Q: 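First the structure, which I've put down as structure tokens, then a few questions once you've had a look.
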2 protein chains.
Amino acid sequence: MTKQTLASTALTPISDVDGTPLYRQVKRALIQLIENGHFAPADCLPNESVIATSLQVSIGTLRKAVDELVAENVLVRRQGKGTFVTTHNSDRFLFQFFHVERRATDLSQAHEYPDVECVSFEKTKASEEEATALGLRLGAPVYRIANRLMLSQRPVVLDRLCISQAMFHGLTQAQFTNRTSTIYNLFQQEFGITVLRANERARAVPASLDASRILGIAPKLPVLEVHRTAFTFGDKPVEYRISTINTQQHDYVSLLSKRS
Amino acid sequence: MTKQTLASTALTPISDVDGTPLYRQVKRALIQLIENGHFAPADCLPNESVIATSLQVSIGTLRKAVDELVAENVLVRRQGKGTFVTTHNSDRFLFQFFHVERRATDLSQAHEYPDVECVSFEKTKASEEEATALGLRLGAPVYRIANRLMLSQRPVVLDRLCISQAMFHGLTQAQFTNRTSTIYNLFQQEFGITVLRANERARAVPASLDASRILGIAPKLPVLEVHRTAFTFGDKPVEYRISTINTQQHDYVSLLSKRS
DNA sequence: CCCAATTTGTTCGTATGTATA
DNA sequence: TTATACATACGAACAAATTGG
């Protein structure tokens, strides 16, 4: 098992300055360690008592900090094993954000995996809309990538995503085409960028000529358009994505569920 | 302030039987007390040490149970005041589920309040779709109610909702028309039914003749259709609602945010 | 198969801080 | 100011899951 030795970490005592609760300062410290690469995705953290004594806080305070990080999908706890930095190669994350599901009256095929096909890949300059979403200046260098997602051998979603060239320096179409896992896993594995949350806005629009051709549907057919901005630590925008979805046989499902 | 006296409650010691954690048994006990009406919405619970000693658990265990209930929107804590059963008349809840927002490039009018207008109100029998969603038998007696929501004086959303007559016995159109707060607040105030979570599925469709007339748009214009099932305690379905949204100037926003 | 070591999960209790009325 | 209630912080002991011998 991958264990983090205390020597290799930078677990120094918290310098309690301001009036913020101690457990939040601990949380910040842990986030810093992940951002700085002291802990990488999939790493196992030192055990709780080690971290607590290193940071010179009680174990209860440490646990409260870790509780919040678990709730925010930054860490994962496994009893008997340890506490790990979240990776995005799990099933869960593929469906965490938007989530296209077949309107299945028949079989309970809950999670169908899409086959992805890269339609286009270009280096270009950020449009007004893209620059605003990503917090870049107009015309900043970006990648603009289009993917087609197939469900049950039929095209259902067209993803057009935009990411900063500065943040994803050296990205190639081959990396995109040959990747074995999700896009966000690629971001994490190859660029150390962890997507933690996203904002989404959806609307119904008539399919553009372009989209209708790629999705194999009639032009002007009503399709769902989802605009997503994905964020990493510190609410820094990472990706702006427009998904065009053929909802004739599929639904866009939001996960407000929170089942008790 | 409304304070709950210990005498009026049914806080008896937890009977620890199975192997489930104590704090979850405490949570169940608290939910039971709310479901049974021992604590009503907006009530202030006895203070933590009173509950803890009554249930014969430590204060830490009680707090862990309450933590989860707060996370699930069942309780609200207010430092210095007390712990309260959630009410659904707050701003928050009006926008908790789906959430139509203006595509505002200009003003930051975050939350616009809709003016609601009851379009139709009828007692009828559940369709196949409605019966399935609500867990009723086909043809069970239901209310079918249509509302039109105006934003900035213009019709934007058509809500068609279906609820069981058995669950909402004696509901009148007047109650619906004259209510001062949200529909879920009405459910809670008049029928003691608290909506805790909802599932939603969205798709793009051409506007029906009916919908286009009510929303004042061209027939077959792409509109967003959101199918929602709302649940109360014990995952019991309460309401099935189809919202038809004119997304020419508004977006459907989902709240996966969880900002740190 | 069982045992022992390790790690998180649960439960307990106490003391002090902070917000509210 | 005072009393009350929740919020934070501490620490100890045991339970449960996991792993490796």
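Letters go in sequence order (proteins before strands), and every chain restarts at 1. Since we're looking at a predicted model, the values are computed, not measured.
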Q: Report yes if a donor N or O on one partner sits less than 3.5 Å from an acceptor N or O on the other, where the partners are the side chain of B/Gln79 and the base of C/dT18; otherwise report no.
A: yes
Q: For B/Glu48 and C/dC12, what is the distance between atoms CD and C1' respectively, to the nearest whole Å?
A: 15 Å
Q: Could you check whether B/Thr83 gets within reach of a base, just the sugar-phosphate, or nothing at all, counting any heavy atom under 4.0 Å?
A: sugar-phosphate
Q: Return the CG to NZ distance between B/Asp67 and A/Lys64, rounded to the nearest 0.5 Å.
A: 6.5 Å
Q: Could you state the atom-to-atom distance from CD1 of B/Ile51 to P of D/dT4 in whole Å?
A: 17 Å
Q: 5'-most contact on DNA chain D: B/Asp67 or A/Leu62, nearest heavy atom basis?
A: B/Asp67
Q: Can you check whether B/Ser58 has a side-chain N or O nearer than 4.0 Å to OP1 or OP2 of C/dG13?
A: no
Q: What is the nucleic acid contact for B/Ile59, judged by heavy atoms within less than 4.0 Å: base, sugar-phosphate only, or nothing?
A: base
Q: For the pair made of CG in B/Asn47 and P in D/dT4, what is the distance, rounded to whole Å?
A: 9 Å
Q: Would you give the length of the straight line joining atom NE2 of B/His169 to atom OG of B/Ser164, rounded to the nearest 0.5 angstrom?
A: 10.0 Å
Q: Looking at D/dT8, D/dA5, C/dT8, which one has an atom nearest to any side-chain atom of A/Arg63?
A: C/dT8
Q: Can you say whether the rings of B/Tyr252 and A/Tyr252 are parallel (under 30°), tilted (30 to 60°) or perpendicular (over 60°)?
A: perpendicular
Q: Which comes earlier along DNA chain D counting from the 5' end, the contact point of B/Ser49 or that of A/Val57, where each point is its nearest nucleotide?
A: B/Ser49
Q: If I take atom CZ in residue A/Arg78 and atom C1' in nucleotide D/dA16, what distance separates them, rounded to the nearest angstrom?
A: 17 Å
Q: Among the candidates C/dT8, C/dT11, C/dT10, find the nucleotide nearest to the side-chain atoms of B/Lys64.
A: C/dT10
Q: Whole angstroms only, please: what is the CD-P distance between A/Gln56 and D/dC10?
A: 11 Å
Q: Take atom OH of B/Tyr23 and atom P of D/dA15, then tell me their distance rounded to the nearest Å.
A: 17 Å
Q: As a test of understanding, state which of A/Val74, A/Val70, A/Leu75 forms a side chain to side chain contact (heavy atoms under 4.5 Å, CB included) with A/Glu72.
A: A/Val74
Q: Atom CZ of A/Arg77 to atom P of C/dT6: distance rounded to whole Å?
A: 21 Å
Q: Give me the ring orientation class for A/Phe191 and A/Phe168: parallel if the planes are under 30° apart, tilted from 30 to 60°, perpendicular past 60°.
A: perpendicular
Q: What is the distance, to the nearest angstrom, from the NZ atom on A/Lys81 to the P atom on C/dT6?
A: 18 Å
